[in-house]
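First comes the structure, then the notes that go with it.
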Amino acid sequence: MRTPTLGHLPGLVDEFGKDFALELFRRGNYSRNFDYQVKKEADKKRINIPIYLTIGSEFNSAALSMVLPGVNIFGQHRCHGLYLSFGANPEALRDELLGLSTGCSGGMSGSNAIQGKEINMYGHSGLMGEQIPIAVGAAMASGETSLAICGDASVEEDYIYPSLGWAATKEFPVIFICEDNDLSILTKVEVRRSWSPVDVAKSMGMYAVDITDDPWLIAYHAKKINESGKPGFINIRTCRVLWHAGTGNDGLPEWDRYSLILAELKKLGFDKELIDIDQENKSKVEKLWA
Amino acid sequence: MGLVTTKTTADVIKEITRNHLENDNGLLLGQCVSAVGWIGGTVPDCKNIVEIPMTDIAGPAFAVGAALKGRRPIFVVRYQGFMWYNASSLVNYAAKSKQIWDQPCPIFIRSIAMEGFGVGHTASSSIHSIFMHSPGMIVAAPMTPNEYQEVWDWFITHDDPIYVSEHRRSFALTEETPNEVDENADITLLAISAARLNAQDACEILKAEGIKCNLIHQVWLKPFIIADELEQSLKATKLGLVIDSDYQMNGASESFSYTLMHKYNMPIHALGIEDRVCGVSKEGENITPSAEKIAEKVRILLSQRK
Ligand SMILES: Cc1ncc(C[n+]2csc(CCOP(=O)(O)OP(=O)(O)O)c2C)c(N)n1
Ligand SMILES: [Mg+2]
């Protein structure tokens, strides 16, 4: 099931168009450059707190940000990409990682509990999965759409199923995302469970899909769920390139989504644009951390 | 005898709730609210009541989400023992939210204690002390109609979550209970929740024996607000006893006696529920110290002082 093409739908890149593609790249690439810079800063001990990097899955958030403007965002601990793609202030994230009181959470949260008030992104408490019922409660109470993101491990938490079930029963507008990197720190899914959260969500009467981390595919399904005004569930098979926390790696990821995205964009005729955007983002990030 | 009002505490809770739900766009979340006696007659039949599924782990987090969106939910838990489930998002998110994210998460947590009638260990007693450990959580234990109103007024004018340790025995009360301070009393009793009712009876028992007790009623548990009358009384009696409906060991009664002992440099003792599981049989029951038990403790303390 874990393939870079799972759930592939032909024609989506063209359907979304060139502007979409470039903006998607701009956002995902910025997060990528940001987190590689964070890695550098951590490696030289300028950052001295636990950090949870998004590298490998940064385009998931970029895709969601392209089609879900104005939603209330409830992420988990690994959410630098989410914060940045939706347009929260990078300086405040930098300061938070540096442990400064000018950080996005006033220096109270560090990497894993960031918030972005300007994008309605609520902080995560550090209890994995807790954001899911909170997101459902927010949708219930406000009628606004919640984006609720968890991982393949936290999706196993007790509070997830009553939340999915209640959202399905009452048709609260919640877009549930499971970023499935097949890892609970270092323990693979097959060691932990034999069932799929997609089957569970479906059995509750919800639109639910199991797909790879192709950003166009993510955007397609997220948009579809959002437009339905009902809850839906997307399991995204994705890869974590670096350690759970910290900057090391345990070898090559199963697939390299970034290269696959570059190949798609080149097919659209982009080449110089990609280099320019990458350069521009790189220098922005370097300046930010100088 | 205190002042007499015509309303019971349950009436006041119901009135406050109706106003919040009908006029202030508030919410009330709970399980099986609109059935099984409407929670001791404290919940009105009106809009904005949210029946949540039977989930004591996700349920409080639904309330957190509602609070983040400004609905100031009332979250009802019928038995305080269920709080071992419900606590997590209340202490870990609601209580911390303001300090971590400068993001208020005000929830009015109605946590209801019951005891006796053979309800057993899970449904018995109050466990407000564990919530007093949690940074950012306000804890109160109102018993009378006016006290309940005072706690609600505090909630609605502040933006913190508040753990309201209710007791079923408060629902039928109509009278306020002014603190009693006599300069010539032998001992100061500081009582919490249903222990206040038993302490009142203990005072009567002891009075008949010629022992005079000052009884101070504690509503605010965290922050622990020391009433002027408490200070006055302790300075006069130089001996105190804190009595609670929660477990004594490491609980509010021991915590308050410690604080008071250091502040006033005098012996202050604690008496709460014993450190054993509550059974159903009369012998196995372990509930709020009875009037006789309180009276006996006072007799012992006074004899030790002599
Ligand atoms: C309630 C709770 N249980 C356990 C943990 C410890 N823990 C932190 S991250 C993690 C794994 C999370 O995996 P997943 O949800 O798949 O996210 P990923 O790190 O893979 O992005 C665990 C078990 C926790 N923080 N909270
Ligand atoms: Mg994982």
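Per chain, numbering begins at 1; letters A, B, ... match sequence-line order.
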Under a 4.5 Å heavy-atom cut-off, does chain B meet the side chain of [X], its backbone, both or neither?
X	answer
A:Y161	neither
A:N120	neither
A:E157	neither

Is [X] reaching over with its side chain to a backbone N or O of [Y], donor-acceptor style, under 3.5 angstrom?
X	Y	result
A:N72	A:S146	no
A:R192	A:T187	yes
A:N48	A:K45	yes
A:Q115	A:C104	yes

[X] versus chain A, the contacting section by heavy-atom distance below 4.5 Å:
X	answer
B:I52	both
B:L68	both
B:S88	both

Original post:
Given the options B:S89, B:A67, B:G65, which has more heavy-atom pairs under 4.5 Å with chain A than any of the others?
Top reply: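 Option with the greatest count: B:G65.
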
Original post:
For chain A, which of B:G70, B:A66, B:A63, B:P73 has the most heavy-atom pairs under 4.5 Å?
Top reply: B:A66

Subject >> Minimum-distance pair of heavy atoms, taken over all atoms of B:C105 and B:P161 >> reply: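 Scanning both residues, the minimum pair turns out to be O-CB, 3.7 Å.
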
Subject >> Contact winner vs chain B - A:D158, A:V136, A:I160, A:L127, heavy-atom pairs under 4.5 Å >> reply: A:L127

Original post:
Based on non-hydrogen pairs under 4.5 Å, which of A:G126, A:A113, A:A135 is most in contact with chain B?
Top reply: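 Looking at each of A:G126, A:A113, A:A135 in turn, A:A113 comes out on top.
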
Original post:
For B:F224, does the CZ atom sit with more than 12 other heavy atoms under 6.0 Å from it, leaving out its own atoms?
Top reply: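 Above 12, so yes.
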
Subject >> Over 12 non-hydrogen atoms of neighbours within 6.0 angstrom of CG in B:D275 >> reply: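 It does not: B:D275 CG has 12 such atoms or fewer within range.
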
